[in-house]
Amino acid sequence: MSRTVGSRSGTIRYVDQTFLADCRARLAFDLLANTWNAVVLWALRQGPLRHGELRDRIGGISQKVLTETLRRLEFNGLVTRRGYGGSSPRVAYELTELGRTLLAPIDAFGAWAFEHGDEVMEAQERHRLAGRYTRDS
């Protein structure tokens, strides 16, 4: 049995309790499923940064992964790439208005992680010790 809540231009569409590929909620989860997306968005919250400045601010991200992440965020309309002329041309990345709308959810998720992270890690450790789960399985 199919059920639709909202419409294509509305909120969530369900078919037998499955999120459809064009579901708005699934789109949002997909945007934040990649760890680096949220990290880069958060790093840009205070204003434009050059590629190297972003790498320094984030730490632990390769040049290649940062470039791929910036392209993905630009493709989704969350980040804009702005070139500046002059004797030494440069490029900076900054959040779009749409990208700024994700800062509050990222902050809320980070607050949840800060409050409950120890509980999650303890649960993971219990399962590892019981031999029921490994991160690679």
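Note that this is a predicted model, so its numbers are computed, not measured. Position 1 is the first residue of the sequence; numbering continues from there.
Counting only distance, with no hydrogens or angles, the side chain of Arg100 and the backbone of Arg45 share a donor-acceptor pair below 3.5 Å.
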Inset, instruction - Please assess Trp42 against Leu103 for the test side chain to side chain contact (heavy atoms under 4.5 Å, CB included), listing each intermediate value before the final yes or no. - result: CA-CA 7 Å; Trp42 192 253; Leu103 293 177; 3.9 Å; yes

Inset, instruction - Verify side chain to side chain contact (heavy atoms under 4.5 Å, CB included) between Leu129 and Arg126, making sure each step is shown before the conclusion. - result: CA-CA 5 Å; Leu129 291 174; Arg126 280 193 306 274; 5.9 Å; no

Inset, instruction - List the steps and the verdict of side chain to side chain contact (heavy atoms under 4.5 Å, CB included) for Leu73 and Leu44. - result: CA-CA 12 Å; Leu73 293 172; Leu44 289 170; 5.8 Å; no

Inset, instruction - Apply side chain to side chain contact (heavy atoms under 4.5 Å, CB included) to the pair Leu95 and Val79, showing each step before the final yes or no. - result: CA-CA 4 Å; Leu95 295 176; Val79 167; 4.3 Å; yes

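Considering every non-hydrogen atom in both Leu54 and Leu70, the closest pair reads CD1-CD2, 3.9 Å. Summarising the geometry of Ile58 relative to Ile61, their closest heavy-atom pair is CG2-CG2, 3.7 Å, with the distance given to 0.1 Å. Contact between Leu102 and Leu41 at its shortest, heavy atoms only, is CD1-CD1, 3.9 Å. Considering all non-hydrogen atoms of both residues, Tyr84 and Ala92 come closest at CE1-CB, 3.7 Å. Shortest non-hydrogen contact noted between Pro105 and Thr101 is CD-O, 3.4 Å. The shortest non-hydrogen separation linking Tyr93 to Arg81 is OH-NE, 3.4 Å.
Note that CD1 of Ile106 and CG of Leu31 are 9.5 Å apart. Values are rounded to the nearest 0.5 Å. For the atom pair Gln124 CD and His127 NE2, the distance stands at 9.0 Å (nearest 0.5 Å). A distance of 11.0 Å separates CZ of Arg90 from CZ of Arg82, quoted to the nearest 0.5 Å.
The closest side-chain heavy-atom distance from Met121 to Asp118 is below 4.5 Å. His51 places none of its side-chain heavy atoms less than 4.5 Å from the side chain of Val91.
Residues Trp36 and Leu32 fall within the same hydrophobic cluster, defined by Ile, Leu, Val, Met, Phe, Trp and Tyr side chains chained together at heavy-atom separations under 4.5 Å. In this structure, Leu98 is a member of the same hydrophobic cluster as Val39, with clusters built from ILVMFWY side-chain heavy atoms closer than 4.5 Å.
The 12-atom threshold is exceeded at CD of Glu125, counting heavy atoms of other residues, nucleotides or ligands nearer than 6.0 Å.
The aromatic rings of Trp112 and Phe109 sit parallel, their planes meeting at an angle under 30°, below the 60° perpendicular limit.
A salt bridge does not link Arg71 to Glu68: none of the charged nitrogens lies less than 4.0 Å from a carboxylate oxygen.
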